[in-house]
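Counting begins at 1 with the first residue of the sequence. What's counted below: heavy atoms across the whole structure, side chains too, no hydrogens, waters or symmetry copies.
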Amino acid sequence: IVDHTKAIQINPQYIDAYFNRGNAKRELGNDQGAIADYDKAIQIDPLYANAYINRGNVKKMLGDYQGAIADYNKALEIDPQVAIAYNNRGVVKGYLEDYQGAIADYNKAIVIDPQYANAYGNSCGAKLTLGNNKGALIDCNKALEINPQNAIAYTTRCGAKLNLGNNKFALIDCNKALEINPQDEIAYRNRGIIKENNGDLRGACADWRKASSLGVQDAAGWVRKQCQ
């Protein structure tokens with residue numbers, strides 16, 4: 001940050017210094033400072049697509065979903081081939097429960113970048129939420145083909161397989177998710193359901209307690225009702 005600030009003092013129109021200082025501030029948790037720097041970069045160059053995208057990302061994290069969508073829209077107006085802008089706009093639409101709109105954006109991101117693992121994974125999650133379990137499996141399979149270390153994709157695929165009654169392979173996916181990310185609360189939740197289905201209530205309760213400790217509310221309810 002100090003170096004970028006010095007560069008700005010030397011040249012107040014040094015757009016990349018504002019952009020990079022904004023990125024550094026965001027990494028340090030100074031969200032408003034980051035937005036101010038992205039604002040300045042955009043003021044200097046109103047066609048700076050990456051500044052709109054990064055400002056949108058900060059707004060997304062702050063819960064300003066409409067503001068984030070507006071920034072992604074502007075970035076895509078400037079450059080319609082930026083896959084991450086479609087993906088991130090899809091994420092925000094998912095937060096707003098516009099899952100069909102989210103899937104449409106993920107599909108656009110994938111057309112631009114067919115190796116975009118996160119876009120496949122996000123589409124998998126949206127389809128799972130809509131009850132399209134088979135469609136979710138297809139997208140999660142592709143996400144994991146591209147990136148075999150994507151814990152969220154394993155967790156989501158576990159949920160789809162669980163919904164389809166495939167407890168054996170759902171368990172394998174939840175176990176793999178927790179191998180990659182031992183703090184994956186949804187994997188604990190779903191693995192608990194699988195264990196309950198398999199008659200292992202003790203194991204189910206252990207997983208639900210862990211899920212509950214990580215903030216999963218329905219798991220906490222199951223612990224109270226079934227695990228005393």
Determine which pairs satisfy disulfide bond (SG atoms under 2.5 Å apart) with at least one residue from residues 179-228, sequence neighbours left out, and list them in order.
Cys205-Cys227
Is it true that Val91 and Leu96 fall in one hydrophobic cluster, defined by side-chain heavy atoms closer than 4.5 Å?
yes
Rounded distance (nearest 0.5 Å) linking atom CG of Asp173 with atom NZ of Lys161
3.5 Å
Determine whether a donor-acceptor pair (N or O, by modelled atom type, separation under 3.5 Å) exists between the side chain of Tyr154 and the backbone of Pro148.
yes
Exercise: identify the closest heavy-atom pair between Ala83 and Ala109:
O-CB, 3.5 Å
Keeping Asn198 on the side-chain end and Asp200 on the backbone end, is there a donor-acceptor pair under 3.5 Å?
no
Can you see which heavy atom on Asn181 is nearest to which on Ala151, and at what distance?
CB-CB, 4.0 Å
Tyr188 vs Leu178, test: side-chain contact (heavy atoms from CB on, under 4.5 Å). Steps then yes/no.
CA-CA 8 Å; Tyr188 284 112; Leu178 290 167; 3.3 Å; yes
For side-chain contact (heavy atoms from CB on, under 4.5 Å), just list the numbers for Asn163 and Leu128, CA-CA rounded to whole Å, side-chain angles, deciding distance to a tenth of an Å, and then say yes or no.
CA-CA 9 Å; Asn163 290 344; Leu128 179 67; 3.5 Å; yes
So, taking the atom named CD1 in Ile35 and the one named CG in Asn54, what distance separates them when rounded to the nearest 0.5 Å?
11.5 Å
Determine yes or no for a side-chain-to-main-chain donor-acceptor pair under 3.5 angstrom, with Asp98 supplying the side chain and Gly94 the backbone.
no
Give, for atom CZ of Arg191 and atom NZ of Lys210, the distance between the pair rounded to the nearest 0.5 Å.
10.5 Å
Nearest heavy-atom neighbours spanning Leu162 and Ala170
N-CB, 3.8 Å
According to a 4.5 Å side-chain heavy-atom criterion applied to Ile, Leu, Val, Met, Phe, Trp and Tyr, with indirect links allowed, do Tyr48 and Ile44 form part of one hydrophobic cluster?
yes
For Glu196 and Gln226, run side-chain contact (heavy atoms from CB on, under 4.5 Å): C-alpha distance rounded to whole Å, both residues' side-chain angles, the deciding distance at 0.1 Å, then the answer.
CA-CA 10 Å; Glu196 181 191 30; Gln226 298 177 249; 2.8 Å; yes
Taking the six-membered ring for Trp, are Tyr52 and Tyr72 closer than 6.0 Å centroid to centroid?
no
So, for Asn150 and Ile180, which heavy atoms are closest and what is the spacing to 0.1 Å?
N-CD1, 4.4 Å
Grouping I, L, V, M, F, W and Y whenever their side-chain heavy atoms are under 4.5 Å apart, do Ile42 and Leu62 come out in a common cluster?
no
Distance in Å, Tyr120 OH paired with Asn107 CG, rounded so as to fall on 0.5 Å steps:
9.0 Å
Can Lys127 and Tyr99 be said to form a side-chain contact (heavy atoms from CB on, under 4.5 Å), step by step?
CA-CA 8 Å; Lys127 289 178 180 178; Tyr99 300 112; over 6 Å; no
Do Leu201 and Ile193 belong together in a cluster built from hydrophobic side chains that touch within less than 4.5 Å?
yes
Listed partners of Asp64 passing side chain to side chain contact (heavy atoms under 4.5 Å, CB included), at least two apart:
Lys59
Is Lys195 paired with Asp207 through a side-chain N to carboxylate O contact shorter than 4.0 Å?
yes
Distance from Ile172 atom CD1 to Asn167 atom CG, nearest 0.5 Å?
11.5 Å
Test item: Trp222 side-chain N/O and Trp208 main-chain N/O as donor-acceptor pair under 3.5 Å:
no
Side chain of Ser123, backbone of Ala119: donor and acceptor closer than 3.5 Å?
no
Report the distance from atom CG of Asn147 to atom CG of Asn118, rounding to the nearest 0.5 Å.
7.5 Å
For Asp184 and Ala177, work out which heavy atoms get closest and say how close.
OD2-CB, 4.1 Å
Using the salt bridge (charged side-chain N to carboxylate O under 4.0 Å, His left out) definition, which of the options Asp31, Asp37, Asp71 pairs with Arg55?
Asp71
So, Tyr38 side chain and Asn23 main chain: donor-acceptor pair closer than 3.5 Å or not?
yes
